[in-house]
Every structure is written in structure tokens, then in C-alpha cells.
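Since the model is a prediction, treat every value here as computed from it, not as a measurement. In what follows, chains are A, B, ... by sequence order, proteins preceding strands, each numbered from 1.
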Number of protein chains: 2
Amino acid sequence: MAKTQKQIPLHIDISEQIYRRIIDGYYLPGDKLPSERELIEEWKVSRITIRRAIANLVQQGLVSTYQGKGAFVTQKRKVAYTLSNSLTFLQNDLADKGIELSLQNITFELAIAPTEVQKILQLPSNNPTAYLQKKLLLTDKVPGGVDITYILPEIGQKLATELKQNMTFPILKRNHWNIERVAAIIECTNANLELSEYLDVPLGHPLLVYRHTAYTTNDRPIVHGETISRGDRFCYSVNQLS
Amino acid sequence: MAKTQKQIPLHIDISEQIYRRIIDGYYLPGDKLPSERELIEEWKVSRITIRRAIANLVQQGLVSTYQGKGAFVTQKRKVAYTLSNSLTFLQNDLADKGIELSLQNITFELAIAPTEVQKILQLPSNNPTAYLQKKLLLTDKVPGGVDITYILPEIGQKLATELKQNMTFPILKRNHWNIERVAAIIECTNANLELSEYLDVPLGHPLLVYRHTAYTTNDRPIVHGETISRGDRFCYSVNQLS
DNA sequence: ATTTCTTACTTGTTATAACAAGTTTTAGAT
DNA sequence: ATCTAAAACTTGTTATAACAAGTAAGAAAT
């Protein structure tokens, strides 16, 4: 005998039914869902249950809510960062796709690096400082990511002006800092309050993290940082050859 | 004058304070948070507010709750899939790290492929079928990912037995299907109900998706699929040479 | 016709309440 | 001492209620 089906909560039942309507195209991307009041009518449940059901859909990234306006089916088109065999030159990459990338400097300062960064960049223990830069990445004027980078002091000092206005890797190349290899990890996290404010997303929104270390000649690390981008708008494309 | 600070909700205020306690190490990974009752006492607010505050932390991936037990600070150690210059051979890769990978076949059947897959695999329009395989990936007996793959009929038929028990790429190699290149995209999504049940995570849990197409000689596509893994347990490591 | 203000509608926050459903501890029976 | 059942925890679900805050539509005044 099948064991008695575990009682599924009302809010899951309701969110699954709305889920199907979205998947089946009954509610299309951009459409407004019925208001809470209407959904309460339809299912004859309390507001708290309907709100929970909608929250389930928001958590699945299918719906976004706006105070005073309503709940809307999200439309997701993602932009790919290309991690080709050569290096990432995001700006050109996006320009090819007709997307305008701009930068907004948040901070640029000499700071004591966290211990992990000290190790990775092989900073001298008597003076473990590096330039810390935080940049906001805007695609078509809309914030899409944050870049947090530690740069060796000698490089950061010379290239300060440029670094505040452009992407890091192309600047290094222009200034004859050869980048021999980049070791990177791609992972996902969820937005904390600080990031949710920078990126204008709700708390807990999925984010893609590209944590990288760039090495110049003789395997000398020169830059370490992470690019944190909205998971609903970006992805990474990888091409592997045998 | 600074414009009047936007009123921040109580639940955010509380979750941020607990957030700090976690970040500062006052609550350590694995620790049990105070119970709802105790937190209500501490902040003199209603249960709904405390529950919302904890939900905020869960959404940020910092806390997990278990009915009847309590809320616990999560400990995150992530396992890296290596996307080296050569191809992904996950099993060896993980074995090197002392992690046992096992597979559990969910479905293996000849099916009509979705139109996107038809295009990618260049299936004949009069018979657009391919083998559809769903596998559960278990690391140390615990479900960590789901693999959904479409395989050309001629290959799937011959290798059916093997495919049900092992990873796809090593099998192809053993059977002299040369894989010349793999085009892949890494992105993140949130668990829907089906995936949340397979992977034993809450609805909306962050997931990493590795969507790939493998090409053999003459750029002929033979396999297309996606590996969906728990974002809290896995990441991808990429090494780029110039 | 245009602007302004009010009103009605939307989602967001918070409180109180009761019960359900797991887990752990305690008290009791053997 | 060991097993068992009850009690006392825990988080999960759902209802009702009131007000806050943001948006849109309509009425009133210019």
C-alpha cells in the first residue's frame, strides 16, 4: 500500500496551481496576477495563506511584487558572460550583444586585506595592504552587479584614475601587465541586505559569484576579487576543447 | 539635509542583528539559535515578526530550520566541479577529494525531445526522439544534484545498461565516442517543488545549473543536458590561460 | 483642458490566536 | 536498568484584524 500521502499545506497547493498557470502560459510574462483580494475570493482562504503562496512563487523567481501595484510574472532573459579560452573582456563582449555596460565607482582605497586575500596575493606580513575597489556594474543604466577587487598597491597607485572608470583587465592589458592565467570559481549565493540595496533586489535574491585571481608572469598574483551579479540576469558561458 | 531615513521594518532590523551575531561568530556554524519563544521575549515582538526575521536569514542561506528541533546556523563547505581544459570527469575529480559519488537512475526512456533540444541535437523532424535520462547524483549517499540528459537514440540504445549506472562522459569515452568540445552555460535558479523534493531542500533554494552540449567529430552534437546541483554545496572551478 | 486633491485600490507590516506536527525530555511502568 | 507513554518543548500552518505605505483613478477646482 502507498503510505498515506503527507498532508501538503494549502499555500503550497495554491502556489503550485498558479505555478502551472504560469508554466502553461495562462499568465504570461509581464502579466499582473489577480490581486490578493481576488485570490482570497477564488480559493476561499485567508490573506496570510495567499501571501505565503505568492511568496513561494517569488522565491522560485517566477513572480515579482511591487507595493501598491501588484504581483507580476517575471520575464527572464539572461545575458551571458563569455569565459572563452582567452580572457574575459566583458565590455566588448556585451557591446557585441548591443548592451551598454557602464561603471560606477563606489570605493577605491588602500586597505588592510582580509587574511585570505593576504595569502592569495602573497602580501608582505609587515604591510598587508592592497587597493580595495568596489564598482557597480550597470547594464543599460540598470545595476546588474558589484565588483569587489583587491589590487597590488604598486599597480593600484599608478592606475587609480583609470581603474575608477573602467574594467580592470583591459586596463591592465593596456598598461602592459601581462595576465598569464586566471583561476576562478563560479558559485551562487543569496543577497544580504547590503547587496540587495546595491542591486535593487529583494533580500535573498540569487546571485552569481565569479571569484577570480589573476596571475602575471612567473605565476605572480596581482589581482583578486569577485564579481557578484544578479542571477536572474546573467550567466556564464564556457567552451571546453578536448 | 539627509532625506528622512526610510522606515525599516522590524523583521529586517531583527534579522540584521542576528545576522551580525552570526558574522561576528557569536553564533557559530551548527549552533542552535534561541527558540522563537525566547526571541519573542528578547525583542518583545509578536511571533509573526520573529518568524519573518528568521525567514530572512534562511533566505540568505545563513540559517536552516527543522520542525520540532529549532533553527541552526548553516555551515557551508562547497565542493568544486573542475572545468579544466580537458573535460569534466566528475567522478575521478571528487574521488581525489575523498568524496564518494554515486548515481541513482530516475528515468531512462526514449522520448520526444522538446523543440530546443531537437534543434540543438539536430534531430530529424520526422522522428525527433532521443533518450531522456534523469539521474540523481549522490555525494556520500546524500542527494546533491540531478542530471537531465538527452542522448542520440543510436547511442542511448547501445549503452543503456551502462548509462543507468555511471556518468555519461566517461562511458562515451570508453565506447570510443570522441568528444571534441563541450559548449556550456552556468547559471543559477531556484528550486521548484519537484527539484526541492529530489534534492531535499526548501522551495526556492538556490541551485547551480550546468547546461551543456557535447560535440563529437565534425562538430556533430551527441548529448545535451543539464546538471542541476545544490548551490549551497557545489561550485565550479575554471582555469583560464591566455 | 489641466492641475490638484481625494478616494479607492494595491501590497507591506505587525499583533493575537489556535491548532498541527515534529522532537526531546520526563515520569512511569515493567 | 530498560522500555513506554505522557508531557513539554520545538517549528509549521492558518485565520482574523488593523493599520501603513505606495499607486492609480476619478472628482473637484482652477
Side-chain angles (χ1 to χ4, degrees), chain A residues 3-18 27 30-59 62-74 191 193 196-197 200-205, chain B residues 3-18 27 30-59 62-74 191 193 196-197 200-205:
Chain A
K3 67 176 141 186
T4 43
Q5 178 68 28
K6 193 191 164 193
Q7 177 65 24
I8 64 160
L10 257 173
H11 64 85
I12 295 272
D13 184 22
I14 294 169
S15 64
E16 278 300 296
Q17 290 194 49
I18 301 177
Y27 298 136
D31 278 5
K32 183 181 170 304
L33 292 186
S35 73
E36 292 177 356
R37 188 179 49 73
E38 292 168 305
L39 292 171
I40 287 167
E41 268 296 305
E42 180 176 352
W43 268 283
K44 311 289 181 198
V45 294
S46 78
R47 192 174 166 217
I48 209 168
T49 304
I50 283 296
R51 282 184 64 76
R52 181 74 190 272
I54 290 170
N56 289 341
L57 297 166
V58 171
Q59 278 201 302
L62 287 163
V63 164
S64 295
T65 60
Y66 304 93
Q67 186 172 356
K69 299 177 102 166
F72 297 83
V73 180
T74 53
L193 196 61
S196 75
E197 280 165 358
D200 190 29
V201 293
L203 200 63
H205 190 89
Chain B
K3 65 177 142 184
T4 43
Q5 178 70 26
K6 193 190 163 192
Q7 176 65 24
I8 65 161
L10 258 172
H11 63 85
I12 295 273
D13 184 21
I14 294 169
S15 64
E16 278 300 297
Q17 290 194 49
I18 301 177
Y27 298 136
D31 278 4
K32 182 180 170 304
L33 292 187
S35 71
E36 292 177 357
R37 188 180 49 71
E38 292 168 306
L39 292 171
I40 287 167
E41 268 297 304
E42 182 175 353
W43 268 284
K44 309 290 181 198
V45 294
S46 78
R47 191 173 167 216
I48 210 169
T49 304
I50 284 297
R51 283 183 64 77
R52 181 73 190 272
I54 291 170
N56 290 341
L57 297 165
V58 171
Q59 279 202 302
L62 287 163
V63 164
S64 295
T65 60
Y66 304 93
Q67 186 171 357
K69 298 176 104 166
F72 298 82
V73 180
T74 53
L193 195 61
S196 76
E197 281 166 358
D200 190 28
V201 293
L203 200 63
H205 189 88

### Message
By the 4.0 Å heavy-atom rule, please label L10(A) as base, sugar-phosphate, or nothing.
### Response
sugar-phosphate
### Message
Taking only side-chain N and O atoms of R37(A), does any of them lie within less than 4.0 angstrom of OP1 or OP2 on dT10(C)?
### Response
yes
### Task
Run the numbers on T65(A) and I54(A) for side-chain contact (heavy atoms from CB on, under 4.5 Å), then give the verdict.
CA-CA 9 Å; T65(A) 60; I54(A) 290 170; 3.9 Å; yes
### Query
Side-chain contact, heavy-atom cut-off 4.5 Å: I18(B) with W43(B)?
yes
### For the student: nearest non-hydrogen atoms of A71(A) and V63(A), plus distance
CB-CG1, 3.9 Å
### Whole-Å gap separating P (dC9(D)) and CD1 (I40(B))
14 Å
### Query
Looking at S35(A), does any N or O in its side chain come under 4.0 Å of the phosphate oxygens OP1/OP2 on dT10(C)?
yes
### Query
Taking for each residue the nucleotide of DNA chain D bearing the nearest heavy atom, is the 5' side occupied by Y66(B) or by K69(A)?
Y66(B)
### E16(A) and I12(A), any side-chain heavy atoms less than 4.5 Å apart
yes
### Donor-acceptor pair (no angle test) under 3.5 Å: R52(B) side chain, dG12(C) base
no
### Between dT10(D) (C1') and L33(B) (CG): distance, integer Å
13 Å
### Task
Among the candidates dT11(C), dG12(D), dA15(C), find the nucleotide nearest to the side-chain atoms of R51(B).
dG12(D)
### Task
Can you tell me the distance, in whole Å, between the NZ atom of K44(A) and the P atom of dT14(D)?
18 Å
### Message
Within the structure provided, determine whether V45(B) and L39(B) are in side-chain contact (heavy-atom separation under 4.5 Å).
### Response
no
### Message
Closest approach to the side chain of Q67(A), judged atom by atom: which nucleotide of dT14(C), dG22(D), dG12(D) is it?
### Response
dG22(D)
### Residue closer to the 5' end of DNA chain D, E36(B) versus I48(B) (nearest nucleotide)
E36(B)
### Query
Can you check the E41(A) CD to dC9(C) C1' distance for me, whole Å?
15 Å
#### Entry: I12(A) CD1 - dG12(D) P separation (whole Å)
12 Å
### Query
In whole angstrom, what separates Q7(A)'s CD from dA20(C)'s C1'?
10 Å
### Euclidean distance, atom CD1 of residue I50(B) to atom C1' of dT13(C) [Å, nearest integer]
14 Å
### Summary
When rounded to whole Å, the CZ to P distance for the pair R47(A) and dA15(C) reads 15 Å
### Query
Within the pair T49(B) and dA15(C), is there a side-chain N or O less than 4.0 Å away from OP1 or OP2?
yes
